[in-house]
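Could you have a look at this structure, given as structure tokens, before my questions?
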Amino acid sequence: MAGQPIVYVELASSNPAAAGKFFGQLFGWSLQHEPAFDYHMFRTESGPGGGLVQADGKQHDAGDALVYVGVDDIDATLAQAEALGGKTIQPKMEIPGTGWMAILTEPGGGRVALYTEMQRS
């Protein structure tokens, strides 16, 4: 994946449903709710879409944003990040029907997620 683009953004809120409604009205984003995971997603006309996650004070604090970067090989990117002083905090895991993701921190502690889309034949 040339240039490793930002492909998705997750925003943490104490009320993801209300945040989705707010952003939908404010910016005209289209919204979708996945009831099986109680996950609220948004789409923009240009740029990456994203999701709204529940702020829980542990993994997500209200106001946090997690950027997903598209990569061709998550395992190789995690290995390179660790060689550069980063740390894997969420190993590669499948997002059913979509692709794979992992989360790393840079040496200063900032989090970034990696994403590889599932290849469809």
Sequence neighbours excluded, which residues qualify as side-chain hydrogen bond (donor to acceptor under 3.5 Å, both in side chains) partners of Asp64?
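Checked Asp64 against side-chain hydrogen bond (donor to acceptor under 3.5 Å, both in side chains); zero matches.
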
With heavy-atom distances below 4.5 Å as the criterion, would you say the side chains of Glu106 and Val112 are in contact?
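Of all side-chain heavy-atom pairs linking Val112 with Glu106, none is under 4.5 Å.
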
From Lys87 NZ over to Arg111 CZ, what is the distance, rounded to the nearest 0.5 angstrom?
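Here the interatomic distance stands at 13.0 Å.
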
Between CG of Leu66 and CD of Gln90, what distance do you get to the nearest 0.5 Å?
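Rounded to the nearest 0.5 Å, the CG-CD separation comes to 10.5 Å.
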
For residues 87-106, which residue pairs qualify under ring pair (Phe, Tyr, Trp, His ring centres under 6.0 Å), counting only residues two or more places apart or in two chains?
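Pairs touching residues 87-106 that pass the test: none.
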
Set of residues satisfying salt bridge (Lys or Arg N to Asp or Glu O under 4.0 Å) with respect to Asp61, sequence neighbours excluded:
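Result, salt bridge (Lys or Arg N to Asp or Glu O under 4.0 Å) vs Asp61: none returned.
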
With sequence neighbours excluded, tell me which residues meet side-chain hydrogen bond (donor to acceptor under 3.5 Å, both in side chains) with Thr88.
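Checked Thr88 against side-chain hydrogen bond (donor to acceptor under 3.5 Å, both in side chains); matches are Glu82.
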
Between atom CD1 of Ile103 and atom CG of Leu114, what is the distance when rounded to the nearest 0.5 Å?
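It is 9.0 Å, given to the nearest 0.5 Å.
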
Intermediate values then yes/no, side-chain contact (heavy atoms from CB on, under 4.5 Å), Thr116 and Val71:
CA-CA 6 Å; Thr116 298; Val71 298; 3.8 Å; yes

Can you name the side-chain contact (heavy atoms from CB on, under 4.5 Å) partners of Asp56, sequence neighbours left out?
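Asp56 satisfies side-chain contact (heavy atoms from CB on, under 4.5 Å) with Lys58, Gln59, His60 only.
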
Measuring from Met101:CE to Glu117:CD, what's the distance to the nearest 0.5 Å?
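Met101 atom CE to Glu117 atom CD measures 15.0 Å (nearest 0.5 Å).
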
Heavy-atom closest contact (Ala62 atom, Ala55 atom, distance)
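Closest approach of Ala62 to Ala55, heavy atoms only: N-CB, 3.4 Å.
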
Distance-only donor-acceptor pairs under 3.5 Å for side chains of residues 17-38, two or more places apart:
unit_1 : atom_1 : unit_2 : atom_2 : d
His33  : NE2    : Asp38  : OD1    : 2.8

Flag if over 12 foreign heavy atoms under 6.0 Å of CD1, Ile89
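More than 12 within 6.0 Å, yes.
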
Atom pair CD1 (Ile95) and OH (Tyr68), whose distance is rounded to the nearest 0.5 Å:
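Between atom CD1 of Ile95 and atom OH of Tyr68 there are 6.0 Å.
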
Could you pull out the closest heavy-atom pair between Pro16 and Gln54, with the gap in Å?
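What the structure gives for the nearest pair is CD-OE1, 3.2 Å.
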
Quick check: closest heavy atoms across Phe42 and Gly51, and the distance to 0.1 Å?
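In terms of heavy atoms, the two residues are closest at CE2-N, 3.5 Å.
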
Measure the spacing between CE of Met93 and CD1 of Ile74 and express it to the nearest 0.5 Å.
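Met93 atom CE to Ile74 atom CD1 measures 10.5 Å (nearest 0.5 Å).
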
